[in-house]
Amino acid sequence: MKKRIILIGFMGAGKSYTGKWLYEKTGIPFEDTDSIIEKETGLSVKQIFQDRGEVGFRQIEADIFSDLPQGIIAAGGGCILTESIREILKKDENLVIWLNTSWSTILGRIMCSDRPLVKKSSEEQLHCLYQNRIPLYEECADLVIDNSDENISKFITIIKQHFSDIQ
């Protein structure tokens, strides 16, 4: 039996939005890994990046991935950079959906945000991050959904067709 639907994708792909929407439509519990990290550390993601850097954040992220709750999980955009997390994603108990969103859509969503990586990176650097992560998203995904058009009603059909064994 599958225990989790894990949504992966670059920042701004719509993982949290889609996870909340799926929760409302299915009643399957929803968690966001960044929210879990903030609850467990008492610090914002922004503060963790400032105090401990990306390496420190990735370690905390890897720790919480070892004990994820059941349900729908919106994973951080860079979680796939950590090998131990990629191994967790590939476990049979997880159904991993990559929200493959076009660069232009992502750029429009993230450029006015206060995300730590956006604040310290140029558009060119962010695009390079995006391109470099694509093979890792592909490696971990059980299913790829084009999320550029924001037509998320298609997710309910997919959940019903592919994930009926989630408790």
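For the numbers below, each heavy atom of this structure counts, side chains included, while hydrogens, waters and symmetry mates do not. Here the structure is a predicted model, which means the values were calculated and not measured.
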Exercise for the section: Determine, stepwise, if the pair N100 / F10 fulfils side chain to side chain contact (heavy atoms under 4.5 Å, CB included). Expected result: CA-CA 8 Å; N100 184 10; F10 200 72; over 6 Å; no
Practice task
Would you please name every residue forming a salt bridge (Lys or Arg N to Asp or Glu O under 4.0 Å) with E38, sequence neighbours left out?
Solution key: none
Exercise for the section: If the plane angle is over 60° it's perpendicular, under 30° parallel, otherwise tilted; pick one for W103 and H127. Expected result: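 The rings of W103 and H127 stand perpendicular, inter-plane angle above 60°.
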Euclidean distance, [Y] [atom2] relative to [X] [atom1], rounded to 0.5 Å:
X	Y	atom1	atom2	answer
I36	D63	CD1	CG	12.5 Å
L22	K15	CG	NZ	14.0 Å
N132	I80	CG	CD1	9.5 Å
I85	I8	CD1	CD1	11.5 Å
R86	E139	CZ	CD	5.0 Å
Q131	C128	CD	SG	8.0 Å

What pairs with [X] under side-chain hydrogen bond (donor to acceptor under 3.5 Å, both in side chains), at least two apart in sequence or on another chain?
X	answer
K20	none
E87	none
S104	S102
E40	none

Would you check if [X] and [Y] make a side-chain contact, meaning some heavy-atom pair closer than 4.5 Å?
X	Y	value
L68	T33	yes
T101	R109	yes
L81	R58	yes
D142	K90	no
L143	V96	no
E31	K39	yes
Y130	L107	no
I6	I73	yes

Exercise for the section: Could you tell me which residues satisfy side-chain contact (heavy atoms from CB on, under 4.5 Å) with Q47, sequence neighbours excluded, listed by chain and number? Expected result: L43, S44, Q50, D51
Completion exercise
Applying side-chain contact (heavy atoms from CB on, under 4.5 Å) to S35 and not counting sequence neighbours gives D32
Exercise for the section: Go through L95 and R4 one step at a time and tell me if the side chain to side chain contact (heavy atoms under 4.5 Å, CB included) criterion holds. Expected result: CA-CA 6 Å; L95 296 162; R4 288 174 210 91; over 6 Å; no
Problem - Candidate pair F57 and D34, rule side chain to side chain contact (heavy atoms under 4.5 Å, CB included), full reasoning - result: CA-CA 10 Å; F57 176 81; D34 284 351; 3.6 Å; yes
May I ask you to decide if [Y]'s main-chain N or O and [X]'s side chain share a donor-acceptor pair within less than 3.5 Å?
X	Y	answer
N94	I88	yes
Q59	G56	no
T26	I28	yes

Handout entry: Listed partners of F65 passing ring pair (Phe, Tyr, Trp, His ring centres under 6.0 Å), at least two apart
Key = none
Practice task
Locate the shortest heavy-atom distance separating C79 from L89; write the atom from each residue and the value.
Solution key: SG-CD1, 4.4 Å
Handout entry: Considering all heavy atoms, the nearest A62-T82 contact
Key =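 Nearest pair, atom of A62 first, then T82: CB-CG2, 4.1 Å.
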Practice task
Show your working on side chain to side chain contact (heavy atoms under 4.5 Å, CB included) between M11 and L126 and close with a plain yes or no.
Solution key: CA-CA 10 Å; M11 63 181 115; L126 291 169; 4.0 Å; yes
Problem - ring-ring contact (aromatic ring centres under 6.0 Å, His included) partners of residues 77-102, not counting sequence neighbours, each pair once - result: W98-Y137
